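These values consider heavy atoms only, across backbone and side chains, with no hydrogens, waters or symmetry-generated copies. Note on naming: letters A, B, ... go to the chains in the order of the sequence lines (proteins, then strands), and numbering restarts at 1 for each one. Nothing here was measured: the structure is a model prediction, and the numbers come from that model.
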Protein chains: 2
Amino acid sequence: MKTTEHTIDRRVARTRAALHQALISLILKKGYGSITVDEICEAANVGRSTFYLHFTSKDDLKQSGLSHLRRQRVEAAARAATGDQGTGRLSFSLAMFEHARDHLDLYRALAGSRGGTVALDTIRQILSELVRAELEPAAASSSDAMPREFVVQYIVGAFMAVLTWWLDGGAKMPPERIDAMFRRLAFDGAIARNS
Amino acid sequence: MKTTEHTIDRRVARTRAALHQALISLILKKGYGSITVDEICEAANVGRSTFYLHFTSKDDLKQSGLSHLRRQRVEAAARAATGDQGTGRLSFSLAMFEHARDHLDLYRALAGSRGGTVALDTIRQILSELVRAELEPAAASSSDAMPREFVVQYIVGAFMAVLTWWLDGGAKMPPERIDAMFRRLAFDGAIARNS
DNA sequence: CTGTTATCAGACACAATGTTCATTTTGGCG
DNA sequence: CGCCAAAATGAACATTGTGTCTGATAACAG
């Protein structure tokens, strides 16, 4: 036997990369739902049988791409949380906006109004973990019987909506600006009290 | 010719109702994505050719159901806005939670974690219109260059997330309670300021 | 009752999925 | 370089779901 070691054959690396790239470019072009496996293969110049050699379905391909992202985000959050605490809480937010700016196409495919359900749900899940972890120490703050999970869902929902809006609009504002606005609403409330 | 009047043949009414009902019950059972037209027809006891006599596709059936909802919600919002202003702003919120409680199955199918993309997007759209309209008069409040649309997306995103969470958990808390928590976060902020 | 209209079952063409197999490339390594 | 195991290929195939169309049957409205 040669080496099944943990080095990856260049051929599989190229094939997988081509397929991933083809997918996100197709999502941007025509939305996730209507893409067929044939189209992905043609766009990636890969035989259809080869596709099924690596992934079991279109969704599998997508999920595979998302697992990378999950690892990256969790690491980044760990760094942000320990590093500078000057940002107060919600340390994930700025890092996320910046990461999105640096990989615009990827994020537009994943969290843009195109892209469908799967990615959104996964990202939501990742963020929920991060926020939940951040809220953990502040257990005392949620005093009057407000379930912690409620707050988590509220924040993550708001963040995702804002992120999607920013991406769909072309991500023109700088990440710092969006982040500042998001934190402002999260800390001080979104609506001015009437009286 | 008889009458094409505006009265609807009983057979048509029964068929359509059966199909709509079958759809939401199937969504609850196995999620929207994997449902086939065949299954819908069998569940509704309707011939497949008859299905295509009324709707062009699965999505068409879903959209048709949503258009009812849209009309209802817009009317309800109009009533709530003019009626009692005692609730402050965000008058749509309580009405929505109550309506959801009264039609639990429907809402669990549309906004639960099952149900997929189409419904969520439509509901988000409806809510955006309502919030946008409510924010209109308070134009002055968003003083320092915070785009109004940003606030709209933030609020709607947070609301949808909270609604979904409540529904997926079985909608155990009373609407008033959820509503109060939502308003609290929206008005006073979700995170306690550090210092 | 009568004519209109909805429903039905079944057959059809079509598109996409996922599997299998024999054959050809190609990257890794001695 | 030259070997060979692993990867890629294209073609064929069975399967499932879609959407259309037919002629026959049943149910409604007047």
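- In this structure, the side chains of P147(B) and M173(A) come closer than 4.5 Å at one or more pairs of heavy atoms.
- The distance from atom CG of D59(A) to atom C1' of dT17(C) is 13 Å, rounded to the nearest whole Å.
- Aromatic rings of F159(B) and F97(B) (six-membered ring for Trp) have centroids within the 6.0 Å cut-off, being under it.
- Residue F51(B) contributes atom CZ, which lies 9 Å from atom P of dT18(D) at whole-angstrom precision.
- Across the protein-nucleic acid pair, Y52(A) atom OH and dG18(C) atom P stand 4 Å apart, rounded to whole Å.
- Using a 4.0 Å heavy-atom criterion, one finds that R14(B) contacts the sugar-phosphate atoms exclusively.
- D9(B) places its CG atom 12 Å from the P atom of dA27(D), with the value rounded to the nearest Å.
- If you check every strand for non-hydrogen atoms under 4.0 Å, N45(B) touches sugar and phosphate atoms only.
- A salt bridge links E129(A) with R70(A): the distance from a Lys NZ or Arg NE/NH1/NH2 to an Asp or Glu carboxylate oxygen falls below 4.0 Å.
- Counting distance only, with no hydrogens placed and no angle test, the side-chain atoms of R48(A) and the base atoms of dG10(D) include no donor-acceptor pair under 3.5 Å.
- In this structure, R16(A) atom CZ and dA7(D) atom P are separated by 9 Å, rounded to whole Å.
- Using a 4.0 Å heavy-atom distance criterion, T36(A) is classed as a sugar-phosphate-only contact.
- Crowding of K30(A) atom NZ: a count of heavy atoms from other residues, nucleotides or ligands under 6.0 Å exceeding 12.
- The salt bridge (charged side-chain N to carboxylate O under 4.0 Å, His left out) check on E149(B) picks up R132(B), with sequence neighbours excluded.
- When the local axes at the two ends of the helix from dC1(C)-dG30(D) to dG30(C)-dC1(D) are compared, using 5 base pairs at each end, they differ in direction by 30° after rounding to 10°.
- Judged by closest nucleotide on DNA chain C, L53(B) is the one of L53(B) and S57(A) placed further toward the 5' end.
- The base of dA6(C) does not come close enough to the side chain of T50(B) for any donor and acceptor atom to sit less than 3.5 Å apart.
- Per the geometry, CG belonging to D60(B) stands 11 Å off P belonging to dT20(D), to the nearest Å.
- At dA29(D), one or more side-chain N or O atoms of R10(B) fall inside 4.0 Å of OP1 or OP2 (strictly under the cut-off).
- Nearest-nucleotide assignment on DNA chain D puts the 5′-proximal partner with T15(A), out of T15(A) and S49(B).
- Spacing between atom CZ of F55(B) and atom C1' of dT20(D) amounts to 18 Å, rounded to whole angstrom units.
- The phosphate of dA8(D) (OP1 or OP2) has a side-chain N or O of H54(A) nearer than 4.0 angstrom.
- A cation-pi contact, defined as under 6.0 Å to the ring centre and within 45° of the axis, is absent between K58(A) and F51(A).
- Cation-pi check for K62(B) over F55(B) is not met; the charged atom does not lie both under 6.0 angstrom from the ring centroid and within 45 degrees of its normal.
- Judged by distance alone with a 3.5 Å cut-off, a donor-acceptor contact links the side chain of R11(A) to the base of dT26(C).
- Across the protein-nucleic acid pair, I40(B) atom CD1 and dG19(D) atom P stand 11 Å apart, rounded to whole Å.
- Using bins of under 30°, 30° to 60° and over 60° for the plane-to-plane angle, the ring pair H20(B)/H68(B) lands in the tilted bin.
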